[in-house]
Student: 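Pasting a structure below so you can have a look.
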2 protein chains.
Amino acid sequence: MASSIHDLARHLNISIGTVSRALNGRADVNADTRQRVLDAAKQLNYSPNQSGRSLRQGATHSIAFMLQPHPGDQQYGEPFFIPFLIGLQGRLAESGLDLIVVMGAPGDYQQERLRRVVETRRADAVVLAWTRREDERIDYLLEAGFPFATIGRSRSGGKAYSSLDLDFERAGADAVDRLVARGHRRIAAIRPALNLNFGYLFLDGYRKALKRHGIEVDPALIADGFINEAGGYQVTPRVMLAKDRPTAIIFNNDVMALGGCKALAEMGIRPGHDIAVTVIVDTPLCRYFSPALTAFRPALEPMGQRLAEMLLASIPAFAGPEGPRIIREVWPLELVARDSD
Amino acid sequence: MASSIHDLARHLNISIGTVSRALNGRADVNADTRQRVLDAAKQLNYSPNQSGRSLRQGATHSIAFMLQPHPGDQQYGEPFFIPFLIGLQGRLAESGLDLIVVMGAPGDYQQERLRRVVETRRADAVVLAWTRREDERIDYLLEAGFPFATIGRSRSGGKAYSSLDLDFERAGADAVDRLVARGHRRIAAIRPALNLNFGYLFLDGYRKALKRHGIEVDPALIADGFINEAGGYQVTPRVMLAKDRPTAIIFNNDVMALGGCKALAEMGIRPGHDIAVTVIVDTPLCRYFSPALTAFRPALEPMGQRLAEMLLASIPAFAGPEGPRIIREVWPLELVARDSD
DNA sequence: TGTGTTCTCGTAAACGTTTACGGAAAAACG
DNA sequence: CGTTTTTCCGTAAACGTTTACGAGAACACA
């Protein structure tokens, strides 16, 4: 059914070497011959066998995305990544690369799965998400010399790898600025407890902005919770019971915010009326929640496309003649003002 | 770095044929030799090169999932599939298969991408979602003789292929039964306009249940809309303006329900008080919307696992000795009663 | 002991590519 | 016309597997 390079060669009465060179656009083939090969390829519906190419070239032409469900969230996964995947896969496809997704069980840190992907060389590069402050996956990949890029950073101890992150520090500061401008001075911050790196960045921005406004940072207004609805539900009352009650809360995760709002509702406190609620990293849940939550939104699909380019640049076989490059970028989040603050 | 079967052979002073047979658990190898090979494999950190295997066996050891974003929904994609993917990938991984995801642009019918996957033989089987009443993708795959399984059915003109679907007909009927039991007799139904097959199944169940209760089916209470928020928003007023106003609406899609609720709110009609709202196919959005929407929930992760098994059964190289089997299953949806009805 | 059977293993071909190498023909040059 | 260069193409090896085939050794049986 599928025609091979041999079929083309036989059909045209030339050697497979010439066919291959013609197909790959090499210089040492007559323009006329090349055209005949291309015509025949179209006519015979030829498309190259990936296994053959991979075997010969030592490249798989695919990228592995290590997708990790929200730890603790059994019911539903992470809608965040879908538009990101769309951008990523689309751009990769343009360069003839496949996207293979590898998932871990929720909460699993997938070191093992990662090791398997690397050792069996099933992909030419991998994508890591949910980067932590100290991330052993990154150390492993660096040591193995395996190409990769992360969405999110880890604490960079001078380690060089490609990463694309959101500016959580800036978003945290912007959120504070906005709330202060609206008259708030007691502003709480709730972030995920695992040492996910973005939680630290967020808190840095939050603290700096408060200081800039001459507001003292009150540890009683800062809390860490498990990164799911229960976590937000559990930890929100803690900051609300501070001596001097906060008039605003910034949640560093959408689902935690929803849990927090549930707790607030049970305390008879209405977001948008009795308290201002801001979420960092917008998702559809923020939009449809009632009241609709003011949130900071990332440009997910463009980020996916950009990450694809970073990956391509990191793979020797696909990077330009100057060899693999390391690219680090931090993208802004855009405020989407809604009804909760 | 990566050791090959030749390294093992050299290390043990035996032939590569024997090594391969030992690794693959064939009978014609001495038990002692096999053990030595396995030990050496572990010691030398051997893992087979997938390209080599694929080339030789003519199988890629991967499954392609044709993931299609919600048509028209630019902002966010389809959270529905994530838990499904988790189940699917997990089960596939157990059998040594990779999951590669292929996306189309929103609204794109991805016939072209599908053709490319099939012709380049990048996967051993594909998964189709969002099946339509008449689905040319299915016809194409059947004609090409390419293994596949669908999530959802199409109108089965006696065509034989593996499919795993939800019992939308039953859910539609159950929704009506529940509403009738709560005193409703004017019940509207809103479903997606594209000829997605589940919309027809749903409406069948809806109609049959009404008739069973001796309630006349009023065409003015049935409407099709574009499968996104705008679609629900646009079409809901239409049924609300029927001569005899409905007291309940069943939405056949979560996002359409949200758009519909927005329209209702603007008309001053409160779900859960002034009207009963039921959604078929629960998502996180239903849970967090206010009021929380009563909905019918699928067992997504088990469905993913099951579909993996169906795929394995459909691939000659992986099916048992009796050859590929066709499996068709319809799974129930579970009612999750919340506050909207 | 002779014959047939069973175990175990080595040999080599094959899967579909890419590419280094070399050579024949054509072109350029004096 | 002879020599050098260029253009173009064929040959063959290589990537890492799997597997059909056959052969030698061990064993069973009469």
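Proteins come first, then strands; the chains are lettered A, B, ... in the order of their sequence lines, and each starts at number 1.
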Student: A side-chain contact here means heavy atoms from C-beta on lying under 4.5 Å apart; do A/F65 and A/L99 qualify?
Tutor: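 Yes. Closest side-chain heavy atoms under 4.5 Å.
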Student: Looking at five pairs on each end of the helix from C/dT1-D/dA30 to C/dG30-D/dC1, what is the angle between the two axes, given to 10 degrees?
Tutor: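 If I round to tens, the end axes sit 40° apart.
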Student: Testing A/R115, A/R121, A/R122, A/R116 for side-chain contact (heavy atoms from CB on, under 4.5 Å) with A/V118, which one passes?
Tutor: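 That would be A/R121.
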Student: Between B/D165 (side chain only) and B/R153 (backbone N and O only), is there a donor and an acceptor less than 3.5 Å apart?
Tutor: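 Checked: pair present.
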Student: Can we say B/D28 and B/R26 salt-bridge, meaning some charged N sits less than 4.0 Å from an Asp/Glu carboxylate O?
Tutor: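 The answer is no: the pair does not qualify as a salt bridge.
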Student: Applying ring-ring contact (aromatic ring centres under 6.0 Å, His included), can you list everything that pairs with B/F318, at least two apart in sequence or on another chain?
Tutor: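 Applying ring-ring contact (aromatic ring centres under 6.0 Å, His included) to B/F318 gives B/H61.
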Student: Can you sort out the partners of A/A93 under side-chain contact (heavy atoms from CB on, under 4.5 Å), two or more places apart, ordered by chain and number?
Tutor: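 Scan of A/A93 (side-chain contact (heavy atoms from CB on, under 4.5 Å), adjacent residues dropped) gives A/Q89, B/R113.
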Student: Under 4.5 Å between any side-chain heavy atoms of A/L312 and A/R91, yes or no?
Tutor: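 Yes, side chains in contact.
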Student: Going 5' to 3' along DNA chain C, which are the first and last nucleotides with any atom under 4.0 Å from a heavy atom of chain B?
Tutor: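 For DNA chain C, the relevant span reads C/dT8 to C/dG16.
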Student: Under a 4.0 Å heavy-atom cut-off, which of residues 22-31 of chain A touch DNA chain D?
Tutor: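 Result for residues 22-31 of chain A: A/D28, A/V29, A/N30, sorted by number.
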Student: Are A/R36 and A/D39 close enough for a salt bridge, meaning some N to O gap below 4.0 Å?
Tutor: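 Salt bridge absent between A/R36 and A/D39.
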Student: Contact class for A/S51 (heavy atom, under 4.0 Å): base, sugar-phosphate, or nothing?
Tutor: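 No contact.
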Student: Mapping A/S47 and B/I16 onto DNA chain C by nearest heavy atom, which one lands closer to the 5' end?
Tutor: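 Checking each residue's closest nucleotide, the 5'-ward one belongs to B/I16.
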Student: Tell me what B/S20 touches on the nucleic acid: a base, only sugar-phosphate, or nothing, going by heavy atoms under 4.0 Å.
Tutor: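 Base contact.
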Student: Check each of A/L23, A/T18, A/I14, A/L38 against A/L8 using the side-chain contact (heavy atoms from CB on, under 4.5 Å) test, and report the only one that passes.
Tutor: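 Looking at A/L23, A/T18, A/I14, A/L38, the match for A/L8 under the side-chain contact (heavy atoms from CB on, under 4.5 Å) is A/L23.
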Student: Kindly write out the residues that satisfy side-chain contact (heavy atoms from CB on, under 4.5 Å) with A/I326, not counting sequence neighbours, or none if the list is empty.
Tutor: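 Here the qualifying residues are A/A160, A/S162, A/R328.
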Student: Under 4.0 angstrom, heavy atoms only, what part of the nucleic acid is B/G58 near: base, sugar-phosphate, or nothing?
Tutor: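 Answer is nothing: B/G58 stays at 4.0 Å or more from every strand.
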Student: Does A/N197 use its side chain to pair, donor to acceptor, with the backbone of A/T131 at less than 3.5 Å?
Tutor: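 Side chain of A/N197 to backbone of A/T131: no pair is present.
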Student: Closer to the 5' end of DNA chain C via nearest nucleotide, is it B/R36 or A/L55?
Tutor: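 Going by which nucleotide is closer to the 5' end, it is B/R36.
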